[in-house]
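Reminder, nothing fancy here: chain letters follow the sequence lines and each chain counts from 1. Nothing here was measured: the structure is a model prediction, and the numbers come from that model.
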Amino acid sequence: EDQVTQSPEALRLQEGESSSLNCSYTVSGLRGLFWYRQDPGKGPEFLFTLYSAGEEKEKERLKATLTKKESFLHITAPKPEDSATYLCAVQENKLIFGAGTRLAVHP
Amino acid sequence: DVKVTQSSRYLVKRTGEKVFLECVQDMDHENMFWYRQDPGLGLRLIYFSYDVKMKEKGDIPEGYSVSREKKERFSLILESASTNQTSMYLCASSFGETQYFGPGTRLLVL
């Protein structure tokens, strides 16, 4: 069965403390891996799409990387405004979402 | 910028009522989707549409129907609302692979 697993479920960081979020997946034919940011009570906001192993994308303090079995979202020197839930999704014939990682960055 | 709007941010309905959730996108996207999001379960696909008047069942279509009479508008219908349909409902649209989401409708069924 196709699966997307995100870890950790929740992460608490101090401002400036860099870390990584993990998204591991088992799908037979990956057509893309997506990262979204979701603030409480709002819809997911698109961040990145990765298509092949070795690919990397960056946006401000975020960098997403992809291997054949997992993706990482690296957060460098985070700020409190980076606090959100980060969702990973993989596209096979439909989009399959992970449960998300709740990130809290404290000053 | 892609804009996906949903008709209501919050709704409170009674058990047995017929409920309409509306979604409009302004980017001429072919594909539109309805999801529900529940704590611990993530986003689950209810229905999707690849063209006007076309619909396909997602993973959890039971108790729901959809309508797509115009390209920009995709409606989700709860024929007879039940308490287990209390959830956050998210609409999305896409042209290629990337889906863009609306702000969501939080529905409470009493």
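A/P44 and B/L90 get closest at one heavy-atom pair: CD-CD1, 3.9 Å.
Note: A/F97 CZ to B/Q37 CD = 8.5 Å, rounded to the nearest 0.5 Å. Rounded to the nearest 0.5 Å, atoms CD (B/E97) and OG1 (A/T49) are 8.5 Å apart. Atom-to-atom distance recorded for A/L95:CG and B/T98:OG1 is 9.0 Å, nearest 0.5 angstrom.
Linking Ile, Leu, Val, Met, Phe, Trp and Tyr whenever their side-chain heavy atoms come within less than 4.5 Å leaves A/F72 and A/L50 in two separate clusters. Two different hydrophobic clusters hold B/L21 and B/F33 under the rule that ILVMFWY side chains link at heavy-atom gaps under 4.5 Å. When hydrophobic clusters are built by joining Ile, Leu, Val, Met, Phe, Trp and Tyr residues whose side-chain heavy atoms come closer than 4.5 Å, directly or via intermediates, A/I96 is not grouped with B/I46. The hydrophobic clustering, which links ILVMFWY residues whose side-chain heavy atoms are closer than 4.5 Å, places B/Y47 and B/L45 apart. Neither B/Y35 nor B/L76 shares a network with the other; the hydrophobic side chains, linked directly or stepwise wherever heavy atoms of I, L, V, M, F, W or Y lie under 4.5 Å apart, form separate groups for each.
Residue A/R12 qualifies as open at atom CZ: its count of foreign heavy atoms under 6.0 Å is 12 or below. Shown here is A/R102, whose CZ atom has no more than 12 heavy atoms of other residues, nucleotides or ligands within 6.0 Å.
B/Q99 places a side-chain heavy atom less than 4.5 Å from the side chain of A/Y36.
Chain A forms more heavy-atom pairs under 4.5 Å with one residue of B/A92, B/P103, B/G42 than with any other, namely B/P103.
Interface remark: A/L87 contributes side-chain atoms only to the contact with chain B (heavy atom separation under 4.5 Å). If you measure heavy-atom distances from A/E9 to chain B, you find no contacts under 4.5 Å at all. Only the side chain of B/R9 comes within less than 4.5 Å of a heavy atom in chain A; its backbone stays farther off. For B/F48, no part lies near chain A; criterion is any non-hydrogen pair under 4.5 Å.
A centroid separation of 6.0 Å or more is found between the aromatic rings of B/F101 and A/F46.
For residues 50-74 of chain B, heavy-atom neighbours of chain A at less than 4.5 Å comprise B/Y50, B/D59, sorted by residue number.
Members clustered with A/Y51: none, using a 4.5 Å side-chain heavy-atom cutoff among hydrophobic residues.
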